[in-house]
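Notes follow the structure.
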Amino acid sequence: MGEIFTGLPWWVKWVAVPVIALVVFGGLIASVVGFVIGLLFKVLVFVALVGGLIYVVRKFTTSSSSRSDW
């Protein structure tokens with residue numbers, strides 16, 4: 001692979017090739033990044049909902065057990 005780029009100017013290696021790669025694979029990269037961000041957001045919402053559910057259940061469980069002591 002290095003033999004292909006040896007005779008080329010620096011701007012072809014460091015500017016033109018990455019720009020072409022972004023144009024060709026830009027949609028794929030954007031969809032993968034969007035999928036990962038969406039997945040992380042869903043995981044965050046899931047963790048928040050489960051944490052809230054555990055908090056509510058523990059709060060009502062402790063308050064109902066203290067009422068039964070009366």
Side-chain angles (χ1 to χ4, degrees):
M1 188 71 179
E3 297 170 358
I4 296 172
F5 291 117
T6 50
L8 298 175
W10 67 269
W11 60 269
V12 173
K13 295 183 231 179
W14 300 106
V15 177
V17 172
V19 167
I20 292 171
L22 281 175
V23 168
V24 171
F25 297 109
L28 176 67
I29 293 169
S31 65
V32 167
V33 169
F35 173 75
V36 169
I37 290 174
L39 188 65
L40 286 174
F41 178 73
K42 288 178 183 179
V43 167
L44 222 80
V45 168
F46 175 75
V47 168
L49 288 174
V50 169
L53 177 67
I54 291 171
Y55 174 77
V56 167
V57 167
R58 285 190 178 170
K59 186 170 178 126
F60 280 116
T61 303
T62 56
S63 66
S64 67
S65 67
S66 65
R67 277 191 225 142
S68 65
D69 291 344
W70 282 69

Shared hydrophobic cluster, [X] / [Y] (ILVMFWY, side-chain heavy atoms < 4.5 Å):
X	Y	result
Val15	Leu8	yes
Val19	Ile29	no
Trp14	Trp11	yes
Val33	Phe41	no
Phe60	Tyr55	yes

Query raised in the report: Taking the hydrophobic residues Ile, Leu, Val, Met, Phe, Trp and Tyr, and joining any pair whose side-chain heavy atoms are under 4.5 Å apart, which ones share a cluster with Leu53?
Result: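 Its cluster mates, by chain and number, are Val57.
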
Requested in this report: Identify which one of Ile37, Leu44, Val36 satisfies the side-chain contact (heavy atoms from CB on, under 4.5 Å) criterion when paired with Leu40.
Outcome: Val36

Query raised in the report: From Leu22 CG over to Leu28 CG, what is the distance, rounded to the nearest 0.5 angstrom?
Result: 11.5 Å

